[in-house]
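Have a look at the structure below, then the notes.
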There are 2 protein chains.
Amino acid sequence: MRRGRHSSAWKNVVLSRDQQFALKRAALLRQAARAFSAHGYHDTSLDDVAKTLGVTKAALYYYVKNKQEILFECHMQAQDLGETALQHSEQNGRSGRDKILLLATKYIELITSEMGSFAVLGEFDALDAENRTIIARRRDKFDRHFRKLVSDGIADGSIRAVDPKLTVFFFMGAINWMTRWFRPDGPLPGTDIARHFADLLDKAISASPAEPAAKAARSRASARA
Amino acid sequence: MRRGRHSSAWKNVVLSRDQQFALKRAALLRQAARAFSAHGYHDTSLDDVAKTLGVTKAALYYYVKNKQEILFECHMQAQDLGETALQHSEQNGRSGRDKILLLATKYIELITSEMGSFAVLGEFDALDAENRTIIARRRDKFDRHFRKLVSDGIADGSIRAVDPKLTVFFFMGAINWMTRWFRPDGPLPGTDIARHFADLLDKAISASPAEPAAKAARSRASARA
DNA sequence: CCGCTTTTTGACGACTTGGTCAAATTCGCC
DNA sequence: GGCGAATTTGACCAAGTCGTCAAAAAGCGG
């Protein structure tokens with residue numbers, strides 16, 4: 001597994017050592033995220049993780065500094081999902097309400113297809129002091145942005161007068177709790193849940209309860225699902 | 001642990017040994033619940049719990065069979081809160097919407113004053129197989145009842161056509177997530193949160209968005225807070 | 001103050017787990 | 001085939017934790 005510098009043509013399909021390394025590391029983080037989400041950080045031994053990967057615990061330390069680093073990286077990946085959804089909503093939404101519904105829909109769609117990494121956010125307390133600060137800062141930034149969408153919506157008249165902070169807590173709770181009941185192989189596809197939850201949120205906060213603009217925003221969102 | 005059978009009058013103020021026992025055991029469960037909620041079950045050592053009580057770990061085993069029993073009892077206590085709220089809503093509500101809003105309000109008021117015990121519900125996975133089954137059954141029973149309130153509300157016209165299951169998941173998520181951000185000594189009293197969350201839920205699911213009946217239900221609920 | 005019961009202690013054993021390291025193995029390449 | 005670097009292993013240590021037990025301490029009635 002080297003990079004195919006001057007090797008024959010098909011050697012290029014074979015992965016370089018760097019690629020191998022990255023791939024294996026990613027697989028490690030993936031499995032760890034699943035395990036952490038399923039049994040909790042402290043109740044998941046690295047021996048367990050190694051076993052699911054078909055290697056020895058010692059081998060893991062070739063790809064990662066320690067257990068805490070694994071958890072940290074998982075958190076970062078999970079938070080990326082939220083940031084992606086946020087960008088999506090900023091780019092495609094007009095009013096505050098538009099953006100909020102796009103964010104909600106996109107976010108749920110993303111996490112339902114990446115439950116492993118997402119669910120690890122429940123293990124926030126397992127982060128050590130230093131990492132916890134980093135993750136908390138990033139989470140707070142996300143929260144602030146989300147709240148701003150709400151207050152913007154109130155300002156532009158698309159959202160009724162609600163407390164932005166409590167409203168965001170309210171909805172983020174509904175989303176984060178999904179890690180407890182959502183199963184990728186369950187009866188409900190993520191897109192259905194996204195639609196339904198966005199609808200509940202819409203009715204909960206929109207200024208004009210029967211306005212057709214809401215429909216437009218929702219269909220636009222699900223169109224790019 | 002004896003009772004004060006034929007002792008002199010003021011001896012009755014002093015607690016019997018049974019009472020002592022019950023009180024100390026309760027205190028143990030209380031502190032344990034706090035610790036479990038704060039650091040997680042697996043990351044809380046019994047030495048820690050014992051230290052906060054000013055005793056030795058070994059002393060705990062006089063009041064409790066093992067660590068797992070502590071967790072189980074905490075879960076039971078936490079679930080009692082939900083059942084209490086449910087009874088309250090059944091007794092004081094008329095329509096499905098009435099009952100749902102009463103349940104939501106009462107439940108939040110209860111848990112915000114008992115965060116320690118409530119937050120332990122987040123440690124569901126730490127239960128061993130046997131206890132997990134028991135707790136899960138009771139939780140499912142609560143969920144079913146809650147869902148029935150929703151479908152009843154749809155039937156009696158007080159709730160719009162929503163998916164009861166998803167709606168309950170949605171709202172229970174919002175509530176359960178409170179363990180992550182609510183602080184008893186924070187700026188917002190539990191009653192405020194209860195009111196605000198109930199309002200969001202109301203708007204999200206009620207059939208007639210501007211109906212005055214909702215106000216009546218809410219004020220009735222907060223009156224008995 | 002005595003004697004009996006309740007309560008607490010300190011020391012300890014068994015076990016799990018995170019992390020380390022030198023040695024062994026694998027792999028691409030000349 | 002054989003060389004050198006990348007990768008993996010097995011053995012091992014140190015730390016932490018649950019749970020136990022005989023013995024000590026505390027509490028209380030007579």
Side-chain angles (χ1 to χ4, degrees), chain A residues 1-28 32 35-36 39-72 123 126-128 131, chain B residues 1-28 31-32 35-36 39-72 126-128 131:
Chain A
M1 10 168 148
R2 280 311 95 59
R3 54 249 88 210
R5 226 178 317 271
H6 45 46
S7 25
S8 62
W10 75 266
K11 271 289 181 61
N12 291 325
V13 259
V14 96
L15 302 89
S16 75
R17 261 176 165 159
D18 291 345
Q19 288 170 318
Q20 250 332 291
F21 185 90
L23 240 46
K24 288 190 181 176
R25 189 169 195 273
L28 157 53
F36 291 167
H39 319 294
Y41 177 76
H42 292 292
D43 203 25
T44 301
S45 76
L46 292 187
D47 280 309
D48 291 341
V49 176
K51 202 163 296 172
T52 71
L53 291 166
V55 288
T56 308
K57 178 181 63 173
L60 302 186
Y61 282 83
Y62 183 73
Y63 296 93
V64 98
K65 184 158 66 61
N66 55 25
K67 194 183 179 185
Q68 182 64 209
E69 183 183 278
I70 301 176
L71 181 64
F72 177 71
E123 293 297 309
L127 290 163
D128 65 23
N131 288 335
Chain B
M1 11 168 151
R2 283 306 92 61
R3 58 245 87 218
R5 226 174 318 269
H6 46 46
S7 26
S8 64
W10 76 267
K11 272 290 181 58
N12 292 326
V13 254
V14 94
L15 303 91
S16 75
R17 266 178 161 155
D18 288 346
Q19 291 171 315
Q20 278 285 339
F21 184 89
L23 240 47
K24 288 191 181 176
R25 188 169 196 274
L28 156 53
Q31 288 301 328
F36 290 167
H39 318 293
Y41 177 75
H42 293 292
D43 203 26
T44 302
S45 76
L46 292 186
D47 279 308
D48 291 342
V49 176
K51 202 163 295 172
T52 72
L53 290 166
V55 289
T56 308
K57 178 180 65 174
L60 303 186
Y61 282 83
Y62 183 70
Y63 296 93
V64 99
K65 183 159 64 65
N66 55 26
K67 194 182 180 186
Q68 182 63 210
E69 183 183 277
I70 301 176
L71 182 64
F72 177 71
L127 290 163
D128 66 22
N131 288 335

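All heavy atoms count here, side chains included; hydrogens, waters and symmetry mates do not.
Among residues two or more places apart in sequence or in another chain, the side chain to side chain donor-acceptor pair (under 3.5 Å) test is passed with Asp48(A) by Ser45(A). With sequence neighbours excluded, no residue forms a side chain to side chain donor-acceptor pair (under 3.5 Å) with Asp47(B). By the side chain to side chain donor-acceptor pair (under 3.5 Å) test, Gln68(A) pairs with Tyr41(A), Asn131(A), sequence neighbours left out. Partners of Phe72(B) according to the ring pair (Phe, Tyr, Trp, His ring centres under 6.0 Å) rule, which considers only residues two or more places apart in sequence or in another chain, do not exist here.
Judged as a salt bridge (charged side-chain N to carboxylate O under 4.0 Å, His left out), not a single pair has a partner in residues 50-67 of chain A (not counting sequence neighbours).
Rounded to a whole Å, the CG atom of Leu60(B) is 9 Å from the P atom of dT9(C). In this structure, Tyr62(B) places its OH atom 3 Å from P of dT7(C), rounding to the nearest Å. One atom, CD of Gln20(B), and another, P of dG27(D), lie 10 Å apart when rounded to the nearest Å. Here the P atom of nucleotide dT7(C) and the CZ atom of Arg25(B) are 13 Å apart, to the nearest Å. For Leu53(B) and dT9(C), the CG to P distance is 11 Å, given to the nearest whole Å. Following rounding to the nearest Å, Lys51(A) (NZ) and dG18(C) (P) show an atom-to-atom distance of 12 Å. Rounded to an integer number of Å, the gap from Tyr63(A) OH to dG18(C) C1' is 20 Å.
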Stepwise side chain to side chain contact (heavy atoms under 4.5 Å, CB included) test for Leu60(A) and Leu53(A): CA-CA 10 Å; Leu60(A) 302 186; Leu53(A) 291 166; 4.0 Å; yes
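OP1 or OP2 of dT8(D) lies within a sub-4.0 Å distance of a side-chain N or O belonging to Lys24(A).
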Could you run down nucleotides 14-21 of chain D 5' to 3' and tag each one B, S or - for protein heavy-atom contact under 4.0 Å? ---SBBBB
